[in-house]
Amino acid sequence: MRSSFKFSSYIFSSLFLLFLVGCNSSKSIALSKNNVSNVNRNILFHGEALEMDAAPGGGMAILKDISFDTGTVILDIKGENNPGKSFVGIAFNIQNDTTYEAIYFRPFNFRSSQEPRRKHGIQYVFEPGYSWERLRNEKPGEFEAEYVDPPLPDEWFSISITVKKDSILVRDKNSVKSLLRVRRLTATSSDRIGFWVGNNSNGSFKNLKIK
C-alpha cells in the first residue's frame with residue numbers, strides 16, 4: 001500500500017513539473033510572407049527580419065494562426081533616429097484595423113538631451129479612444145515612460161511585454177529592468193497580435209517568441 005502511494009506521489013510530482021515547464025516555455029515564431037497579413041504597409045523580409053515601409057497613418061503586420069490574449073511577447077525591434085517619424089512596437093487585442101491596444105517605442109527620444117522627450121520613449125495606447133494625445137493630456141506620465149539605460153536610436157533593442165488581464169509590464173530583455181507598468185484601458189478581448197508602426201514610420205522586427 002505504501003509503495004503504491006509513493007508511486008502515485010511520484011507520478012503527480014512529475015506531471016506537476018511538466019506543467020510548470022510548459023507554462024514557462026516560450027515558442028519561437030518563424031516569420032515569413034505566409035504567416036503575416038499587412039495593414040497599410042508593404043512588408044519585406046531580410047533574412048530573419050521582417051520590415052515594414054513608411055507610409056502615412058499607422059500600419060500593422062498581423063500574425064496569422066497565432067493566438068495571443070495574455071502572456072509574454074519577447075522580440076527585437078529596430079527603429080531609427082528620425083524625430084517624429086519612428087514609432088515601432090507591438091499591437092495586440094486587435095479588434096479590427098483601427099481598434100487595438102499597443103505598446104510602442106520612440107527611438108529618437110531614447111537618448112535625447114531633453115528630459116521631457118526622454119520620458120516619452122515608451123507608450124501604451126488603446127486606439128482609437130485612448131490615443132497618445134488624450135492620455136498625455138488627461139493622465140500625464142501614467143501611460144508612457146523613459147527607456148532606462150537605452151540603446152542607440154538606430155540599433156536593435158530587445159524587449160519583453162507581459163500582458164495580463166488588467167495590466168501590462170514592459171521590460172528590457174537583457175537587463176530585465178522594468179521600463180513601464182500600466183493598467184489596461186479595456187476589457188474587450190481578441191487573440192490577434194501583430195507588429196505595429198506609426199504615422200510615416202518604418203520598422204524592423206525579429207526573434208519573436210511568445211510565452
Side-chain angles (χ1 to χ4, degrees), residues 20-32 35-36 43-52 60-61 63 66 68-83 85-93 100-125 132 141-164 167-184 193-198 201-211:
L20 289 178
V21 170
C23 287
N24 289 295
S25 64
S26 58
K27 177 182 179 182
S28 295
I29 309 298
L31 302 175
S32 74
N35 66 357
V36 294
I43 298 175
L44 302 173
F45 292 90
H46 301 284
E48 297 179 348
L50 177 152
E51 180 182 339
M52 286 189 279
M60 290 187 283
L63 299 171
I66 300 295
F68 177 87
D69 52 3
T70 59
T72 299
V73 181
I74 302 168
L75 77 159
D76 298 341
I77 301 176
K78 184 175 180 291
E80 59 183 354
N81 192 16
N82 191 354
K85 294 183 179 181
S86 185
F87 310 98
V88 287
I90 286 283
F92 52 96
N93 189 16
Y100 52 82
E101 293 175 87
I103 290 287
Y104 69 87
F105 303 82
R106 302 180 178 99
F108 54 87
N109 281 338
F110 284 175
R111 297 195 175 193
S112 173
S113 60
Q114 303 173 33
E115 183 179 4
R117 285 184 55 188
R118 292 198 305 272
K119 290 183 179 296
H120 301 326
I122 310 169
Q123 179 78 54
Y124 164 81
V125 292
W132 70 267
E142 184 174 344
F143 293 96
E144 54 188 332
E146 180 177 354
Y147 199 125
V148 180
D149 296 328
L152 292 170
D154 293 304
E155 290 186 350
W156 288 96
F157 57 97
S158 302
I159 54 97
S160 73
I161 302 172
T162 298
V163 179
K164 297 184 177 181
S167 66
I168 299 168
L169 173 63
V170 183
R171 295 180 186 270
D172 179 88
K173 176 189 169 186
N174 297 323
S175 68
V176 199
K177 286 185 178 179
S178 176
L179 302 175
L180 176 69
R181 186 189 299 269
V182 296
R183 57 186 173 90
R184 297 179 68 179
I193 184 172
F195 306 114
W196 179 93
V197 291
S201 301
N202 58 23
S204 299
F205 309 84
K206 66 179 182 179
N207 296 332
L208 175 66
K209 295 181 180 180
I210 293 180
K211 184 187 293 186

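Given the structure is predicted, the values throughout are model-derived calculations rather than measurements.
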Is the backbone N or O of [Y] less than 3.5 Å from a side-chain atom of [X], with the two atoms forming a donor-acceptor pair by type?
{"X": "N35", "Y": "A30", "answer": "yes"}
{"X": "R171", "Y": "V176", "answer": "yes"}
{"X": "R181", "Y": "S167", "answer": "no"}

* Can you label the angle between the F205 ring and the F195 ring as parallel, tilted or perpendicular, going by 30° and 60°? =>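 Aromatic pair F205/F195 classed parallel.
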* Between F87 and Y104, what is the ring plane arrangement, given parallel below 30°, perpendicular above 60°, and tilted in between? ->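 Correct class here is perpendicular.
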* To do: Output all residues satisfying side chain to side chain donor-acceptor pair (under 3.5 Å) with K177, sequence neighbours left out; order by chain, then residue number.
  =>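 D149.
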* **Residue list, side chain to side chain donor-acceptor pair (under 3.5 Å) with S178, at least two apart or on another chain** =>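 For S178, no residue satisfies side chain to side chain donor-acceptor pair (under 3.5 Å) once neighbours in sequence are set aside.
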* Got a salt bridge between R183 and E142, using NZ or NE/NH1/NH2 to carboxylate O under 4.0 Å? ->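 A salt bridge is present here (some side-chain N lies under 4.0 Å from a carboxylate O).
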Suppose we screen for side-chain contact (heavy atoms from CB on, under 4.5 Å). Which residues come up paired with [X], at least two apart in sequence or across chains?
{"X": "S113", "result": "none"}
{"X": "R111", "result": "P150, L152"}
{"X": "E144", "result": "R106, H120, Q123, R136"}

* Asked: With no hydrogens and no angle check, do the side chains of W196 and Y100 hold a donor and an acceptor under 3.5 Å apart?
  ->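 Per modelled atom types, W196 and Y100 side chains form a pair under 3.5 Å.
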* Looking at R118, R117, E146, K119, which hits side chain to side chain donor-acceptor pair (under 3.5 Å) with N109? -> R117
Side-chain donor-acceptor contacts of residues 154-163 below 3.5 Å, not counting sequence neighbours, with atom names and distances?
{"unit_1": "D154", "atom_1": "OD1", "unit_2": "N81", "atom_2": "N", "d": "2.8"}
{"unit_1": "S158", "atom_1": "OG", "unit_2": "D76", "atom_2": "OD1", "d": "2.5"}
{"unit_1": "T162", "atom_1": "OG1", "unit_2": "T72", "atom_2": "OG1", "d": "2.9"}

